[in-house]
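Quick notes on the structure that follows.
First the proteins, then the strands, lettered A, B, ... as listed; each starts at 1.
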Protein chains: 2
Amino acid sequence: MPARSAPRPMPASRAGQEPLLALEEFLPYRLNRLADKVSREFSKIYADRHGLTRPEWRTLATLGQFGTMTATEIGAHSSMHKTKVSRAVSALEKRKWLARGIDPLDRRLEHLTLTRAGHAAYRDLVPLMKAHEARLLGRASASERQAIQNAIEVLERALKL
Amino acid sequence: MPARSAPRPMPASRAGQEPLLALEEFLPYRLNRLADKVSREFSKIYADRHGLTRPEWRTLATLGQFGTMTATEIGAHSSMHKTKVSRAVSALEKRKWLARGIDPLDRRLEHLTLTRAGHAAYRDLVPLMKAHEARLLGRASASERQAIQNAIEVLERALKL
DNA sequence: GCTTGATGGTTGCAAATCCAATTGTTACGG
DNA sequence: CCGTAACAATTGGATTTGCAACCATCAAGC
């Protein structure tokens, strides 16, 4: 008696229905690969130059942009989980690039601000980062650059970001 | 309502030195945020349904697409470091979703193939993944979808991916 | 043969990440 | 006021990662 011969739809000839999914055309894969490559290139700058991690750089960048914020606000604006922010803040505080200020009206809050040294690092990094971005986008035409901006906006909207 | 707090000095407090870098307009940040959100949404599918990690899913997807490959080839095609591939392969082998075959002419190589169970999981997942991709892209118009494809291609070219 | 250098794949370990509590504080309904 | 719920931020511990060192095999030159 033939073992395991439940009625199966079709014999094994899988020609014609394969490949079912082409990874290299699959949106999440492509986005991830792009982001990964870009991130690697850019992180080289702040990692080599100041030994920063990505959460630390983002925290620095957010405070550099807004001046003073709480940890929660940093997380909201830079899309980082609060534990990442917390650890990035500790690290930056340890190297005295930011200082914590208390809120007299709500002692749960910590108002974080870059120190002079933190700001110096920020001002050191920003032109390098922008230059690298310009160099990368410079490989595309002006209209292509515009298309990239539009596409990102469409995706951000679709993802409710 | 959030707790009351002392009036927070906004960017205005840094009059004279405008924000040098707006994170929310910075390409690497935006790409990373997009990829992260997308990845999170899609990984819910294979994580919830089969307890797969992303490297495991990518390995499964690559083998499902190409049939038989070596670990190095999987890494090249799915943009994963060889250690990730190695660990994903072990995990998939442990649950008997793939089998290793030796190459009689070069015993360094391992030819990896999905087992029947592995292929079943692949066939189970692919429609769900594609449907989710379609649902996501469905929030954009046809011309916007085309613009997204073009933008990604431009970036891939600029990054030599 | 033997040595040297490349290649495929794994492993050890430190660093980074994630999730679920935990602490301390404030807001609010009774 | 009291008890409870919400909130800001931190911490602990298991999981993932990333890098380098490693083992095994092959290829080429001598």
Can you list everything that forms a side-chain hydrogen bond (donor to acceptor under 3.5 Å, both in side chains) with Ser43(A)? Sequence neighbours excluded, please. none
Figure out the NE2/P separation between His81(B) and dA16(C), and round it to whole Å. 17 Å
Residues passing the salt bridge (Lys or Arg N to Asp or Glu O under 4.0 Å) test with Arg95(A), sequence neighbours excluded, are none
Arg107(A) vs dG24(C): side-chain N/O to OP1/OP2 distance below 4.0 Å: no
What's Arg54(B) touching, base or sugar-phosphate or nothing? Going by heavy atoms closer than 4.0 Å. nothing
From NZ of Lys84(B) over to P of dT16(D), roughly how many Å is that when rounded to an integer? 12 Å
Which donor-acceptor pairs under 3.5 Å do the side chains of residues 57-64 of chain A make with protein atoms, sequence neighbours left out?
residue, atom, partner, partner atom, Å
Arg58(A), NH1, Ser78(A), O, 3.0
Thr59(A), OG1, Pro55(A), O, 2.9
Thr62(A), OG1, Arg58(A), O, 2.7

Restricting to salt bridge (Lys or Arg N to Asp or Glu O under 4.0 Å), what partner residues turn up for Arg87(B), sequence neighbours left out? none
For nucleotides 5-14 of chain C, 5' to 3', base contacts (B), sugar-phosphate-only contacts (S) and non-contacts (-) with protein non-hydrogen atoms under 4.0 Å give -BBSBBBBB-
To the nearest Å, how far apart are Met69(A) CE and dA8(D) P? 13 Å
Atom OH of Tyr46(A) to atom P of dA16(C): distance rounded to whole Å? 12 Å
Nearest-0.5 Å distance that lies between atom OG1 in Thr53(A) and atom NZ in Lys84(A): 9.0 Å
Please report, rounded to the nearest Å, how far the P atom of dA9(D) is from the CE atom of Met80(A). 13 Å
If the condition is salt bridge (Lys or Arg N to Asp or Glu O under 4.0 Å), which residues does Arg145(B) pass it with, not counting sequence neighbours? none
